[in-house]
Amino acid sequence: MEVDKGKGEAEETRKVAEADRDTVTLKSSDGKLFEVSKEAAARLSTVLAGMIAGGSIDDNGTDLKQIGSEALENVVDYCNKHANSIPSAALISSSISFNTAPFKEPEEWERKFVDRLSHDALFDLVEAANFLGMERLLDVTCHKISEMMKGKSPDQIREVFNIKNDYTKEELEEIRQELAWAFYDD
Amino acid sequence: MAQERGWSSLPKDLLRLVLDRLPWSTHPSFAGACRHWRSVLTPFYPTWLTPLLVSAADVGSTNLRFYSPYHHKSFEISNTLAPAAKFCSATGRHLTLMSWSSVLETDLLLATGHIHELPLVNFTKFGFVVYDGSRRMFGVYTIGLLDGAAESVRDDDGSWQDWEYPAPLRPGATMFQSSPNCNPVLHDGSLYVLYEDGKLAVYDEHRHNEDGYLEILDKPKGFAGGYRCDFSYLFESDQGELMAVLVGRRGTPVHVSLQGRALFTGTLTTMMRKTKVKWMRDKIFLPRLHDWPDTVHVYIVDRDGELAFVPTSSAPAEAVAANEGAGIWSHELGSTEPTEFWDTQNVDYSIWVDFSTCH
C-alpha cells in the first residue's frame, strides 16, 4: 500500500489501460475509464483512500456507478491539477472573529476550474465530490454555488438555479414576517 | 442528470455547506427560494441592524451581554470581562475599559477574554479614555486645574507606548466640569469635550508637546441663551458632523428632523445611524427598558464578514417582528406625547457599540 508518494512523482494523466502502480482506474456509470494519480486520489478523497487501503481497487476500472462520465472526468482533472499545484498561504483562513467556520478560500486555479463549468456540470460535480468524500473539492464547489446566490433576491435565486416556487402566498408572507429585517425597502 | 433531480432537491448536507458560506444577509433569500432549501435554515439574529447596548451580566466579572433594540432581546456570550473594570468607550468592535490603575482594550470579536493591558497610569485616574480604533489612545482629564489629554500610541508590533502626560498644572485655570456621562469625541483628528455649561474644549494632538492642555472654546452659537438641560451628550454624526444632544424633561418640544436616522444615546458613546427599520426612524433611544428582555445564549458567528448571534441551543428562534420598539424607551423628536420615563429601568453599566461598521 504505497499511499504516500512524493509530490514530484505525481504524474500527468496517462491514457494507459493496463494496471499501473502509481495510478488507479475509475469507471463511470456509463462505462468510461479514467486514470488518476493514486497519491492524489488517496489524499483528496476519503472514499478512494479507503478503497486503496482496503485493496478494493479494480485494475480493470473501479466501478463508480453513481458518477457520470462528465463529472468523473472533472473529478479526475481536479485531482491531477491538485497534485501539480503548490499549496499557497491562501489556504490558511485569515479570519479573525471568534466563530468563523474554517473555510479555506479557493485558490486561483480552483476558481477557474469551477468557473468554466455549466450549472449542470457543477451540480454533478458537487454530488460526486460528496459521494467520494472530497472535502476540498466540496469546499471549492460549495463556495462557487454560494457566490452564485450572494446578495440576490429569492426570485433571482430561483431564476439562476431554475427552481420552481413551491410556496403559497401565506408561507411567503410568514417568511417576510419572520425575517422582516431583510425585507425593508429603502 | 441535473435536470431530473434539480437544484431544489440538492441533499440537505450539501445545502448546509452552501448556506454556511453565504453572508447572513442572503440567508432570507436562500430560504425564500423553495421549501426544501428553507428546511436547512438555522436561527440567527443579525448584529448590524442597529447599535447594540453592551452590558455586563453582573457588576464586576462577567459575561458580556448585548441588548438589541430591534429584537428586544439580550444576547449573552460566554466571554468574560476583567473584573471591576468600567466601560470607557466603544469604537466599532473595540471596547475600552478602565480598572483602578490600568486601561484595558479588548476586541469584542476576538478570542475569548482576550484583553490587552495598556501601560500603567501613574497618577490620578483619567476622567475618560477614548480610543480611535487603531493606534491612538487618549486619557482625558477634564476637571478643575488638571485638564488635558495623555496619549499612548500603539507600535507596529501591537504594544502600547507609555502614556505621555499633559503638563501637570495649568496656570490660571478655572474650575470646569465636563458632562460626566459623555465621552470626549474624536472629530477631524482632534478631541472635543463638552462642558456642563455648554462650552466646548478641544485637544489638538499636534500641540501635545507644548502642554497637552485642552483649549476652551466659546459656546456653540445655538447654545447661547438657553443652555439648560439635565443631560448632554456630544457625538459625531454618521455624516461626520460634531453634534450634541441635550436632554431635558421640561419645556417645549424641539422640532428637528433626523432625516430618517435614529439616535442612540444615554451612554458614554452616542451614535446616529441611518436605519431601514421604519419604526426606529427619527427617534432617540436611551438605555431604559419598559420590561426586561429575554436572554438568549449565543455565539457570535462571522459569515463572509457579517456578524450574527447564533443561539447555542437548537431551540427554534421565535418570530421577532412584533416588538416594534415597545421594549425600549424612545422619544420621537417634536412629539408632544408624554412618554413614561421614570417607570423604565435603566440598563446600568452599559455602552452602545456598533457592529455595522465591522464589515
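With a 4.5 Å cut-off on side-chain heavy atoms, B/R35 and A/T168 count as touching. When side chains are defined from C-beta on, B/L17 does not count as touching A/V126, because their heavy atoms never get closer than 4.5 Å.
At a 4.5 Å heavy-atom cutoff, the contact between A/K164 and chain B is made by backbone atoms alone. For chain B, the nearby part of A/K152 is the backbone; its heavy atoms alone come within less than 4.5 Å. For A/N162, no part sits under 4.5 Å from any heavy atom of chain B, backbone or side chain. Proximity to chain A is limited to the side chain of B/W37, based on heavy atoms less than 4.5 angstrom apart. Using a 4.5 Å cut-off between heavy atoms, B/P28 contacts chain A through both its backbone and its side chain. If you measure heavy-atom distances from B/L49 to chain A, the contacts under 4.5 Å come from the side chain alone. Within the 4.5 angstrom heavy-atom criterion, only side-chain atoms of B/L41, from C-beta onward, approach chain A.
A/E178 and B/R38 get closest at one heavy-atom pair: OE1-NH2, 3.5 Å. Residues A/Y167 and B/A31 share a closest heavy-atom pair of OH-O, 2.6 Å. What you find for B/G32 and A/I175 is that their closest heavy atoms are CA-CD1, 4.3 Å. Closest non-hydrogen pair, A/P154 versus B/A33, comes out as CB-N, 4.3 Å. In this structure, A/K150 and B/D304 approach most closely via the heavy-atom pair CE-OD2, 2.7 Å.
Remark: aromatic rings of A/W181 and B/W48 are close, center separation under 6.0 Å.
Within 6.0 Å of CD on A/Q156 lie more than 12 heavy atoms contributed by other residues, nucleotides or ligands. The environment of CD in A/E147 is crowded: more than 12 heavy-atom neighbours from other residues, nucleotides or ligands sit within 6.0 Å.
The greatest number of non-hydrogen atom pairs below 4.5 Å with chain B, out of A/L138, A/I145, A/L172, is found for A/I145. Counting heavy-atom pairs closer than 4.5 Å to chain B, the top-ranked of the candidates A/L179, A/I163, A/D155, A/L122 is A/I163.
The side-chain hydrogen bond (donor to acceptor under 3.5 Å, both in side chains) test applied to B/D13 returns no partner, not counting sequence neighbours. With sequence neighbours excluded, the residues satisfying salt bridge (Lys or Arg N to Asp or Glu O under 4.0 Å) with B/R135 are B/D156.
Panel note: side chain A/S146, backbone B/V18; no donor-acceptor pair is recorded below 3.5 Å. A donor-acceptor pair is defined here as one N or O able to donate and one able to accept, closer than 3.5 Å; no such pair exists between the side chain of A/R158 and the backbone of B/C34.
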Side chain to side chain contact (heavy atoms under 4.5 Å, CB included) between B/L14 and A/F123, worked out: CA-CA 11 Å; B/L14 292 178; A/F123 183 92; over 6 Å; no

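Atom OG in B/S8 sits 11.0 Å away from atom CG in A/N165 (nearest 0.5 Å). Interatomic distance, B/L22 CG to A/H143 NE2, rounded to the nearest 0.5 Å: 10.5 Å.
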